[in-house]
Amino acid sequence: MSGAYERVTSLAELFARVGELALATLIFDIEPLVSPWNGGQQGLDRGVTEILVQAETVPTVRAVVFSTNSARRPSALPAGAAGLAGLVGRADLRVEYVASAAKPLRTAQYRDFPRPGAVIGDQLPTDGILAYRLGYLFLHYDPPYGHVPIGPRLMHRWGRAVRPVLFGRQPPP
């Protein structure tokens with residue numbers, strides 16, 4: 001699965017694909033799939049809970065990691081704590097939240113998770129490169145880019161140039 005790329009457009013499509021591929025680890029970027037850009041604390045908390053509820057239904061999933069380059073954290077996670085285990089019902093599901101992750105430069109915090117895995121995010125220059133470096137599938141969440149802040153919009157455009165380098169020439173979506 002190393003160097004693999006797939007595009008997804010919804011959570012339903014994403015979790016259907018996770019089940020089909022029997023993935024063990026899911027690394028989620030926060031914005032915009034888990035929480036909207038410029039979203040508040042409630043949006044982040046709600047999004048983390050929604051992802052965990054859905055991940056619990058896929059029996060092969062053993063670890064869910066939320067990873068963001070920002071410093072924001074869900075309110076259920078005390079500063080300095082690593083796990084969100086109290087938010088899930090499955091005792092065998094490992095849950096982590098990595099703030100200030102420095103994606104895609106730092107990879108050590110992801111090395112001990114079970115394989116196969118996927119990085120799920122909207123940006124090829126950060127999430128896609130992280131997936132490539134870890135040997136994980138990159139599930140590219142490709143939202144409509146009509147009302148996107150300028151930074152993510154520019155990164156998305158740069159990502160178009162990065163995709164063929166990392167994942168080969170594939171037909172555009």
Side-chain angles (χ1 to χ4, degrees), residues 1-2 4 6 8-124 126-143 152:
M1 195 162 309
S2 179
E6 292 187 27
V8 294
T9 57
S10 70
L11 275 179
E13 180 185 0
L14 167 74
F15 279 102
R17 196 66 184 125
V18 165
E20 290 168 7
L21 295 171
L23 296 173
T25 295
L26 306 176
I27 300 172
F28 283 91
D29 179 35
I30 297 299
E31 291 94 5
L33 183 60
V34 176
S35 178
W37 288 289
N38 303 318
Q41 190 65 48
Q42 287 181 333
L44 176 60
D45 293 346
R46 187 173 35 255
V48 165
T49 300
E50 181 180 347
I51 295 293
L52 291 175
V53 165
Q54 292 196 44
E56 283 184 306
T57 66
V58 183
T60 61
V61 174
R62 313 299 286 171
V64 177
V65 181
F66 297 95
S67 180
T68 180
N69 284 342
S70 76
R72 67 189 272 199
R73 298 173 178 272
S75 59
L77 181 66
L84 294 167
L87 297 178
V88 296
R90 273 183 37 198
D92 66 333
L93 183 60
R94 180 178 172 189
V95 181
E96 303 268 338
Y97 192 96
V98 181
S100 303
K103 295 180 295 182
L105 302 175
R106 290 190 212 151
T107 61
Q109 63 260 43
Y110 311 106
R111 296 277 180 203
D112 293 334
F113 291 104
R115 292 181 175 273
V119 175
I120 302 110
D122 67 315
Q123 298 295 346
L124 279 135
T126 54
D127 308 314
I129 292 174
L130 178 64
Y132 182 84
R133 292 189 67 207
L134 294 172
Y136 279 17
L137 168 67
F138 178 49
L139 290 173
H140 185 194
Y141 175 66
D142 199 8

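From a predicted model like this one, the values you see are computed outputs, not experimental measurements.
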Under a 4.5 Å cut-off applied to non-hydrogen side-chain atoms, are Val119 and Asp29 in contact?
no
Nearest non-hydrogen partners of Phe113 and Val65, listed with the distance:
CZ-CG2, 3.4 Å
Minimal heavy-atom distance between Gln109 and Ala101, with the atoms involved, is NE2-O, 3.4 Å
Smallest heavy-atom separation, Asp127 atom then Gly121 atom, equals OD2-CA, 3.4 Å
Testing the basics here: between Ile51 and Phe15, what is the closest heavy-atom pair and its distance to 0.1 Å?
O-CZ, 3.9 Å
Rounded to the nearest 0.5 Å, how far apart are CG of Leu134 and OG1 of Thr25?
10.0 Å
Test your reading of the model: is there a side-chain donor-acceptor pair from Asn69 to the backbone of Ser100, 3.5 Å cut-off?
no
Rounded distance (nearest 0.5 Å) linking atom CG of Leu21 with atom OG1 of Thr60
9.0 Å
Please round to the nearest 0.5 Å and tell me the distance separating atom CZ of Arg106 and atom OG of Ser67.
10.0 Å
Does Glu20 have more than 12 heavy atoms from other residues, nucleotides or ligands lying within 6.0 Å of its CD?
yes
Distance check, rounded to the nearest 0.5 Å: Tyr132 atom OH versus Leu124 atom CG?
13.0 Å
Applying side chain to side chain contact (heavy atoms under 4.5 Å, CB included) to Phe66 and Val95, what does each step give before you reach the verdict?
CA-CA 8 Å; Phe66 297 95; Val95 181; 4.2 Å; yes
For Glu13 and Tyr141: C-alpha separation, side-chain torsions, deciding distance, then whether side chain to side chain contact (heavy atoms under 4.5 Å, CB included) applies.
CA-CA 10 Å; Glu13 180 185 0; Tyr141 175 66; over 6 Å; no
Just so I know, are the side chains of Leu137 and Pro116 near enough to count as touching, which here means a heavy-atom distance under 4.5 Å?
no
So, for Tyr136 and Ala118, which heavy atoms are closest and what is the spacing to 0.1 Å?
CD2-N, 3.5 Å
Ring geometry between Phe138 and His140 (parallel below 30°, tilted from 30 to 60°, perpendicular above 60°):
parallel
Evaluate the side chain to side chain contact (heavy atoms under 4.5 Å, CB included) criterion for residues Thr68 and Val34: first the C-alpha distance (whole Å), next the side-chain angles of each, then the deciding distance (0.1 Å), finally the verdict.
CA-CA 11 Å; Thr68 180; Val34 176; over 6 Å; no
Please report the interatomic distance CG(Leu14) to CD(Gln54), rounded to the nearest 0.5 Å.
8.0 Å
Within the 4.5 Å heavy-atom criterion, are Leu130 and Tyr110 side-chain neighbours or not?
yes
Identify the heavy atoms of Ser70 and Glu31 that sit nearest to each other, and give their distance.
OG-OE2, 4.5 Å
So how far is it from Leu44 CG to Arg73 CZ, rounded to the nearest 0.5 Å?
11.0 Å
Whether the side chain of Arg133 engages the backbone of Leu105 through a donor-acceptor N/O pair (distance < 3.5 Å, no angle test) should be reported.
yes
